[in-house]
Every structure is written in C-alpha cells, then in structure tokens.
Amino acid sequence: MQLYYHPDQAHHAPPSFLLRGRAVASPEGPERATLLSEGLASLGFTLDAPAQTDSPRLRERLARIHTPRYLAFLETIHARWQALPDAAEIVAPNVHPCGGGHHYPRHPVGQVGWHMHDMACPMTADSFAGIIANAAVAEAATEQVANGAPSAYALCRPPGHHAGPERAGGFCFLNNTALAATVLREQHARVAILDVDLHHGNGTQDIFYARGDVWTGSLHADPADFYPFFWGGADETGEGEGAGANLNIPLPLGSDAGSFMAALERLVEAMQAFRPTALVVALGLDAHRADPLAGLALETEDFTPLGQRLAAIGLPTVIVQEGGYPTRYLGANLAAFMYGYCHS
Ligand SMILES: [Zn+2]
C-alpha cells in the first residue's frame with residue numbers, strides 16, 4: 001500500500017483553541033503526524049509526498065465540494081484580518097449568524113463568524129499553506145486508487161470531516177474525505193464513505209446530503225451528548241436524490257468494541273445495498289478509551305478487526321486520516337488498524 005504525507009502540512013499549527021470557555025493547547029497539531037508516522041514506521045511503512053501541494057486541478061476538484069466564497073475566504077482571511085485595528089495574530093470568530101443569517105457580510109469579522117461554526121479552527125498566517133497541502137495528500141492517495149491500486153492511505157491532518165460546503169469546524173477546513181470521494185467519482189458511478197471516527201462526520205454528510213451518487217454512513221458517539229451536537233441523529237437519512245443514501249448510527253457514550261463492531265456491520269450491510277464500486281474510509285482513531293476527546297471505549301487491539309472488516313469489503317479503498325489525538329497509544333492504534341487492514 002502507498003501512503004502519503006507532505007511536510008508542508010505542518011504549516012498549520014494552531015497554538016490553542018477554546019474548550020469550555022478556556023483557551024487550551026490545541027491537540028490538533030503537527031505532533032499528531034509525528035505520532036501517526038511512527039506507528040506506520042513500526043510496520044515498515046514509509047510515506048511519500050505528492051509532487052505538488054497545490055494545482056489548478058486540485059482547486060477545480062475542491063470547488064465541486066466547497067463554495068467559491070468559502071475557498072476564497074480560507075485563502076485570504078488571515079491577511080484581511082491582520083489589516084483590522086488591534087487584530088490578534090490568530091483568526092477566530094466572535095459572532096455567529098445563529099438561525100442562519102439573511103445576508104453574507106463583507107466585513108472580515110462577519111465572514112469569520114459565517115464560515116467557522118465553532119472556536120476550534122484558529123488560523124495563523126501559514127495555515128492555508130498547510131491546509132491546501134493536506135488536500136493534495138488526499139488527492140494523491142486517491143489518484144493511486146483511481147489508477148488501479150487496491151488501496152492507499154492519506155495521512156491527513158488537520159482532519160476534514162466536520163468541514164461542510166462553506167463552513168470550517170472541529171479542527172477541519174477542507175473536507176479531505178469528500179475530496180477523495182469526488183476524485184473517485186470521476187471513474188465510479190457510485191462511491192461510498194464509511195466514517196468510523198468518534199465524532200459524526202457532519203461536514204461530509206452536508207456535502208452529499210442531497211446527492212444520490214455518494215452514499216455516506218457514520219457511526220459515532222451520540223450527538224445528544226457529544227460534539228458536533230447538532231447533527232448525527234439516526235433520523236438524518238438524506239433528502240431529494242440523496243434520500244436513503246445517508247445512515248447515522250449514534251452510540252451511547254462509553255460504548256465498547258462490541259457495540260462499535262455491531263454498528264459497523266449494520267453500516268456495511270446498508271452500504272452494500274447501494275452497490276458502490278469504490279470506498280472512502282474516514283479513519284478516526286479517537287474512539288480509543290484514552291483519547292483526550294474521549295467518548296467511546298475501544299482498546300488498541302480493537303482497531304485490528306476494524307481494519308480487517310473494512311479490507312474484507314473488497315472494494316478499491318482510500319483510507320483518509322480523520323481524528324485521533326496525542327496519547328502514547330495514537331501511533332499504536334494506527335499500526336493496529338493497518339496491520340488488520342493488510343492481514344484480512
Ligand atoms: Zn473525531
């Protein structure tokens with residue numbers, strides 16, 4: 001299997017985010033890539049960098065899942081923010097259009113509130129360079145699979161599955177998983193996404209909610225009690241042409257591997273009825289019991305049967321890294337998953 005990472009991803013290194021009203025050190029930083037790559041190295045895997053971190057073709061593909069004004073916002077907001085009187089180095093919202101808002105603002109503060117649905121997406125001057133390189137990594141892994149490889153892995157960080165058509169949230173800016181599905185769609189009429197991150201993939205769901213060509217399924221800690229709070233219920237099943245092409249399985253907080261794998265089996269069964277010919281796995285590792293964002297109770301060894309089950313589906317598959325935050329288990333959790341995926 002070929003695996004991808006680009007050092008430029010480390011340009012996005014937010015120092016802190018707001019948690020329960022406190023500014024705390026962000027768990028979503030370059031250290032994650034170090035820990036994850038150490039886990040891969042323990043199995044003998046090496047990481048390849050994509051030849052380019054940005055290209056007109058990547059931009060065109062991103063424009064199929066994100067709005068033009070959102071893409072322009074991500075690229076330009078830091079410089080426009082810095083031009084404001086007394087602006088902090090970090091871009092962060094202080095006003096939100098609760099209830100939706102009636103018009104799109106021109107002012108940078110209004111645009112930050114429009115495009116960031118929470119306080120977990122601070123941007124520095126170098127953030128966009130890291131975020132676009134991150135998308136290029138997902139694109140490169142997907143092109144491997146599009147060119148005939150049975151599977152490939154993208155070490156994406158920051159994660160992407162909370163990023164919707166024009167909103168950042170939950171550490172996510174560009175939706176790498178949705179980008180992978182978009183590239184696969186160039187060759188496959190029906191593509192499926194299985195999201196096994198601890199959190200509901202609300203951004204991915206939003207992007208494909210009214211589409212019948214990309215099936216989305218997510219198992220996650222019940223959003224009644226957990227981030228992202230406002231999406232992820234079992235009653236969200238798609239709309240229009242996408243009716244019936246979205247499946248959420250919320251799990252009670254603290255659920256263990258037994259419940260997790262039973263939910264996965266339901267997701268796989270529903271996905272197979274859609275008859276996809278290619279798959280994107282949104283691989284969060286934050287369902288581990290020791291994760292700093294803890295909500296479920298998987299052990300390291302539980303990621304091996306998860307990898308085995310996903311490999312056994314037998315579809316061309318892009319594995320996109322989503323969540324999983326620094327602990328002494330993080331690298332081992334990825335190694336356990338990849339061992340299972342490669343020994344199914
Ligand atoms: Zn997560």
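In listed order, ligands and their atoms are each counted from 1.
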Angular separation of Asp197 OD1 and Asp286 OD2 about the Zn ion (ligand 1), given to 10°: 110°
Where does the angle between the aromatic ring planes of Tyr70 and His66 fall among parallel (under 30°), tilted (30 to 60°) and perpendicular (over 60°)? tilted
Exactly one candidate in Thr300, Asp302, Leu310 meets side-chain contact (heavy atoms from CB on, under 4.5 Å) with Phe337; the answer is Leu310
Is any N, O or S atom of Glu322 under 2.8 Å away from the Zn ion (ligand 1)? no
Quiz item: cation-pi between Arg289 and Tyr329, 6.0 Å / 45°: yes
Could you tell me whether the side chain of Leu267 reaches within less than 4.5 Å of the side chain of Leu219, counting heavy atoms only? yes
Measure from the Zn ion (ligand 1) to each N, O or S atom of His199 and report whether any distance is below 2.8 Å. yes
